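Worksheet: one structure, shown below.
Lettering of chains follows the sequences in order, A, B, ..., and the numbering in each one begins at 1. Model, not experiment: these values are computed from the prediction.
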Amino acid sequence: MRMLINTADTVVADALRGMAAAHPDLDVDVENRLVVRRDAREGGRVGLVSGGGSGHEPLHGGFVGYGMLSAACPGEVFTSPVPDQMLRAAGAVDSGQGVLFVVKNYTGDVLNFQMAAELAEDDGLRVEQVLVNDDVAVTDSLYTAGRRGTGGTLFVEKIAGAAAEEGAPLDRVAAIARQVNESSRSFGVALSACTTPAKGSPTFDLPDGELELGIGIHGEPGRERRAMMTSREIAEFAVGAVLEDLARSGPADAPVLALVNGMGATPLLELYGFHAEVARVLEARGVPVARSLVGNYVTSLDMAGCSVTLCRADDELLRLWDAPVQTAALRWGR
Amino acid sequence: MRMLINTADTVVADALRGMAAAHPDLDVDVENRLVVRRDAREGGRVGLVSGGGSGHEPLHGGFVGYGMLSAACPGEVFTSPVPDQMLRAAGAVDSGQGVLFVVKNYTGDVLNFQMAAELAEDDGLRVEQVLVNDDVAVTDSLYTAGRRGTGGTLFVEKIAGAAAEEGAPLDRVAAIARQVNESSRSFGVALSACTTPAKGSPTFDLPDGELELGIGIHGEPGRERRAMMTSREIAEFAVGAVLEDLARSGPADAPVLALVNGMGATPLLELYGFHAEVARVLEARGVPVARSLVGNYVTSLDMAGCSVTLCRADDELLRLWDAPVQTAALRWGR
Amino acid sequence: MRDADFFRRWLDAAAAAVEREADRLTELDSPIGDADHGSNLLRGFVAVRAALAGADASAPPGALLQLAGRTLISTVGGASGPLYGTLLRRTGKELGEAAEVSDEQVREALDAGVDAVARLGGAAPGDKTMLDALVPGVAALATSYADAADAADAGAVATTPMLARKGRASYLGERSIGHQDPGATSSALLLRALADAAGGAA
Amino acid sequence: MRDADFFRRWLDAAAAAVEREADRLTELDSPIGDADHGSNLLRGFVAVRAALAGADASAPPGALLQLAGRTLISTVGGASGPLYGTLLRRTGKELGEAAEVSDEQVREALDAGVDAVARLGGAAPGDKTMLDALVPGVAALATSYADAADAADAGAVATTPMLARKGRASYLGERSIGHQDPGATSSALLLRALADAAGGAA
Ligand SMILES: Nc1ncnc2c1ncn2[C@@H]1O[C@H](COP(=O)(O)OP(=O)(O)O)[C@@H](O)[C@H]1O
Ligand SMILES: Nc1ncnc2c1ncn2[C@@H]1O[C@H](COP(=O)(O)OP(=O)(O)O)[C@@H](O)[C@H]1O
Ligand SMILES: [Mg+2]
Ligand SMILES: [Mg+2]
Ligand SMILES: [Mg+2]
Ligand SMILES: [Mg+2]
């Protein structure tokens with residue numbers, strides 16, 4: 001087990017103590033597992049609360065701050081948080097304008113956020129929820145758990161966060177969040193499995209020279225295993241899958257936001273190389289790239305691999321994307 | 001070989017194409033291996049040029065932009081760039097105010113930058129050089145290659161870059177850069193070796209349950225191998241080594257900038273947990289932490305591990321640290 | 001009739017089983033999940049033990065189960081936290097305030113609990129979830145506690161060839177076939193613990 | 001006397017040796033370096049081949065060596081690029097414009113080249129660097145090219161028990177002991193290539 005930790009049990013609490021030490025401008029509640037924007041209640045904004053299992057850093061705690069999340073609820077590693085956390089977070093950020101929960105579509109997240117929403121409404125809060133389910137690798141049907149929420153979450157949180165920062169009301173912030181989700185699609189590949197602190201060994205066995213296509217962000221294997229592909233081949237496969245799905249709901253040549261996201265252990269050098277191939281495929285297909293983001297944003301612990309997320313962006317989404325943001329992991333404009 | 005690449009030979013060129021695609025505000029010259037700030041010559045500032053082997057991303061290309069580097073020269077993976085690159089970079093950024101080369105202390109970097117400096121001076125440019133050698137794991141003596149340049153490079157580039165942005169003249173920018181280097185010390189540990197594209201297998205063999213203390217950023221083994229330690233024990237060891245050395249040149253209780261830097265494959269979750277321990281040790285020793293930075297900034301490809309860098313900062317260094325910066329990997333204030 | 005002590009012994013045996021089998025549950029959750037089911041339940045049942053230890057000695061069966069359910073919801077997270085939490089809360093609610101309950105009442109209450117799990121998670125038997133152990137297990141309660149445990153065991157084993165339609169395993173499609181479901185496995189542990197509690201009291 | 005063709009054959013043989021041994025050089029650079037020496041020299045000597053192919057057919061020995069040296073400096077990077085580049089450039093400068101040079105002139109020019117390497121890198125024999133092959137190798141040129149190659153080989157092998165004081169290996173302190181220096185190994189290849197060129201011409 002090659003981990004920079006004290007014990008498997010204290011990983012999340014230790015990380016929160018570190019966030020508290022590194023970011024004095026955040027309210028970090030280690031005991032109750034919350035990261036809250038210090039001025040969350042000022043300005044009468046809609047509160048934006050997200051959360052999920054830990055191990056996807058900087059998501060979500062790294063996105064708390066001006067122009068993005070009001071609070072984040074980190075669960076144990078790869079385990080959705082408990083309703084108590086979301087309930088407390090909602091209480092801490094509500095300024096009377098209501099709260100939007102941004103929920104990645106996993107059974108655990110959905111159930112826990114749902115329970116929290118009911119409890120919050122019992123407390124008199126107005127709560128809306130948006131489900132992020134951008135992963136095209138998973139078949140979507142009424143009879144399954146549906147598509148996973150992955151890289152698209154960053155787009156939802158940034159853009160809805162900008163709308164909330166501008167003072168948009170709850171229903172508008174929720175509508176924008178849903179629009180972003182509906183406009184976003186992702187596809188991920190793994191070159192290695194990841195190791196959770198609790199298990200201490202890789203979650204699956206991936207022989208050298210093979211890769212997994214269509215992985216999620218929880219160390220689960222993908223839909224398919226193949227012989228190793230080049231960066232160019234992977235980009236063609238992944239962007240192809242994303243575009244095909246995206247084309248079902250809008251014009252095929254609309255400008256996109258492009259996120260090339262590292263799973264944790266893939267060097268930035270390789271991610272940029274991969275982005276070059278993604279940009280090439282998009283250009284060949286006549287899809288203009290309005291903005292790019294390359295780096296580790298929605299990770300899977302120490303997994304090697306990457307995902308690509310495209311979000312079809314109209315002028316209004318672009319404007320909100322460009323709006324100032326000041327968080328630990330995403331910052332521009334101030 | 002678990003790499004997201006096309007071929008080992010094209011890794012650096014592919015990454016530069018990706019940087020060009022992701023950052024339209026940078027001038028990326030793939031052929032000549034240069035990343036240049038588009039407005040480098042405007043404003044009559046001193047030019048700040050750095051570079052070194054690739055594989056340490058986001059260093060240096062990710063630090064090109066407003067308030068930091070004017071240009072970066074990426075070499076092959078772990079191989080210092082050739083003089084032609086630095087010479088061309090100097091020519092591209094000089095606005096008559098002269099150019100400062102920020103050189104990490106490795107024989108290859110020193111020799112190649114030295115050759116470039118001589119050629120640039122032949123061309124009539126004023127060139128100063130600052131050598132970064134912050135790694136306390138290496139014994140410094142006249143008879144060795146001396147200490148390596150590692151995490152301290154980020155502090156030098158950011159703070160000297162802020163001085164240049166303000167319009168400080170060459171000798172002043174160089175003096176500040178030297179002051180930052182003399183005030184910075186680093187110590188690194190590896191939990192796994194890294195794999196270079198050229199070799200395709202780990203650079204050294206590290207059995208599970210052991211770690212290397214005192215590593216550099218080129219996949220070289222450290223000074224010592226030990227049985228695995230906890231995050232807390234590693235922090236005590238590393239911060240102890242750094243503080244002991246730092247105390248030789250200044251007050252032991254001066255405020256510091258703290259960088260907890262990932263080597264590439266260690267999850268941010270763990271880096272924050274490690275930062276908590278670093279902060280704890282510093283507090284116990286009465287060293288105030290003025291600013292913290294936690295993340296992957298000066299990496300060693302896909303190595304698991306981290307380094308800690310402390311920079312003793314007076315009010316002027318702090319002011320320059322806080323000054324606006326706008327680069328791909330470090331951004332605040334604009 | 002079953003008194004509060006019976007339910008304390010059940011939950012205690014369940015906690016012991018989870019403590020014993022946590023690594024195996026996490027192991028089962030690796031190939032078709034995210035390798036946390038054992039540690040999730042361990043965290044939850046350690047908290048349940050503590051909550052029960054702190055509960056009023058006079059608390060009736062229904063209150064104890066509701067407390068255990070609330071504790072799971074507040075400490076487990078993931079999919080299994082709300083699901084098992086709901087199972088126990090709903091079962092507890094059905095039992096009401098009575099100090100002692102009949103085996104028939106236990107069966108009916110658990111039946112309602114399992115129904116609540118099915119409604120909350122939207123799954124049905126055959127989807128490769130905990131329901132594949134819970135549903136046959138609780139049905140077999142009609143004959144005996146021991147039969148219930150055996151039926152749940154068989155139900156868990158029978159998930160191996162199934163294609164998952166709910167939970168994380170469903171992301172794997174065809175590749176989910178050939179692995180036993182971790183939640184069905186832990187459900188079998190819960191019903192075995194119930195049989196143990198009943199056996200010990202018999 | 002040695003003409004331009006002799007030096008072309010030398011550099012050609014050197015390039016062939018580097019092509020053949022690149023993986024081994026990189027391998028040697030792994031335990032005590034950064035695993036790039038072979039690929040560094042390969043990149044450099046491929047460029048040298050191309051530069052020489054494009055060079056004037058009438059270029060004298062000195063010009064050819066200077067061109068090769070400049071090419072290494074512009075393509076290799078790392079420590080070995082400037083060092084080997086300087087070796088060839090300085091040697092070439094010493095040979096001046098002459099179309100043919102004596103073996104004694106070759107020896108003196110290489111001697112000056114090795115001196116320049118020592119000054120540039122600040123290393124001395126015993127520091128576990130390329131100088132541990134270059135210095136004895138060039139000294140043995142006084143007897144024959146074959147002796148020079150043998151002496152350089154022996155010098156490279158003799159670096160194994162040394163504690164490195166220069167280059168990356170020095171970071172390892174005591175742990176640098178027990179590994180042969182990659183640069184000394186490539187230097188021995190260069191002198192073996194020289195002997196091959198001389199042997200082929202004899
Ligand atoms: N919709 C559902 N209905 C019933 N049980 C489910 C459902 N989804 C998942 N489960 C059960 O939960 C188990 C996984 O629990 P756990 O690993 O603790 O949570 P998570 O999947 O969030 O990591 C599965 O093995 C399955 O039996
Ligand atoms: N100061 C020096 N003087 C002479 N030779 C040196 C010096 N430093 C390094 N070398 C030689 O360079 C070799 C390493 O070359 P290479 O791997 O190409 O460069 P780098 O060390 O920059 O990766 C070493 O094995 C050693 O022989
Ligand atoms: Mg989970
Ligand atoms: Mg090198
Ligand atoms: Mg699980
Ligand atoms: Mg080397």
Side-chain angles (χ1 to χ4, degrees), chain A residues 1-7 10-12 14-23 54-55 57-58 62 77 191-192 208-209 228 230-232 234 260 264-279 289 292-296 299 301-302 304-306 326 329 331-334, chain B residues 1-7 10-12 14-23 54-55 57-58 62 77 191-192 208-209 228 230-232 234 260 264-279 289 292-296 299 301-302 304-306 326 329 331-334:
Chain A
M1 182 148 74
R2 307 190 154 179
M3 288 182 187
L4 185 64
I5 61 174
N6 288 317
T7 66
T10 58
V11 165
V12 176
D14 287 348
L16 286 174
R17 288 193 297 119
M19 281 209 81
H23 306 292
S54 292
E57 290 65 31
V77 172
L191 309 186
S192 80
D208 229 32
M228 192 61 200
T230 64
S231 165
R232 175 161 294 192
I234 295 170
V260 162
T266 287
L268 192 54
L269 183 71
E270 296 176 23
L271 293 178
Y272 271 116
F274 182 68
H275 182 66
E277 303 303 338
V278 168
V289 180
S292 304
L293 192 65
V294 179
N296 292 311
T299 58
L301 289 173
D302 62 341
C306 67
Q326 180 174 347
R331 186 162 176 176
W332 56 71
R334 58 179 266 155
Chain B
M1 183 148 74
R2 307 188 156 180
M3 288 181 189
L4 185 64
I5 61 174
N6 287 317
T7 66
T10 57
V11 166
V12 175
D14 287 346
L16 286 173
R17 287 192 298 119
M19 281 208 81
H23 307 291
S54 293
E57 290 66 33
V77 171
L191 310 186
S192 80
D208 228 32
M228 192 60 199
T230 64
S231 165
R232 175 160 293 192
I234 294 170
V260 161
T266 288
L268 192 54
L269 184 71
E270 297 177 22
L271 294 178
Y272 271 115
F274 182 68
H275 182 67
E277 302 303 338
V278 167
V289 180
S292 303
L293 193 65
V294 179
N296 291 312
T299 57
L301 289 173
D302 62 341
C306 67
Q326 181 176 347
R331 186 162 178 178
W332 54 72
R334 58 179 267 154

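Scanning all heavy atoms of the two residues, the minimum distance from B:Ala22 to A:Tyr272 falls at CB-CE2, 3.9 Å. Shortest non-hydrogen contact noted between B:Gly18 and A:Ala276 is N-CB, 3.4 Å. Residues B:Gly333 and A:Arg331 come closest through the heavy atom pair N-NH2, 4.1 Å.
Among B:Ala20, B:Ser292, B:Cys306, B:Ala304, the residue with the largest count of heavy-atom pairs under 4.5 Å with chain A is B:Ser292. Most heavy-atom pairs under 4.5 Å with chain A, from the set B:Arg17, B:Glu270, B:Gln326, B:His275: that is B:Glu270.
Neither the backbone nor the side chain of B:Val289 comes within contact range of chain A; no heavy atoms are under 4.5 Å apart. In this structure, the portion of B:Arg334 lying under 4.5 Å from any heavy atom of chain A is its backbone and not its side chain. With a 4.5 angstrom heavy-atom cutoff, B:Leu269 touches chain A via backbone and side-chain atoms both. For B:Ala279, the part lying near chain A is the side chain, with the backbone staying farther off; criterion is any non-hydrogen pair under 4.5 Å. Neither the backbone nor the side chain of B:Thr299 comes within less than 4.5 Å of any heavy atom in chain A.
The structure places CD1 of B:Ile5 at 13.5 Å from CZ of A:Arg232, a figure rounded to the nearest 0.5 Å. Rounded to the nearest 0.5 angstrom, B:Leu268 CG and A:Ser54 OG are separated by 11.0 Å.
The side-chain contact (heavy atoms from CB on, under 4.5 Å) check on A:Ser231 picks up A:Phe274, A:Glu277, B:Asn6, with sequence neighbours excluded.
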(request) For A:Leu191 and B:Leu4, run side-chain contact (heavy atoms from CB on, under 4.5 Å): C-alpha distance rounded to whole Å, both residues' side-chain angles, the deciding distance at 0.1 Å, then the answer. (result) CA-CA 8 Å; A:Leu191 309 186; B:Leu4 185 64; 4.0 Å; yes
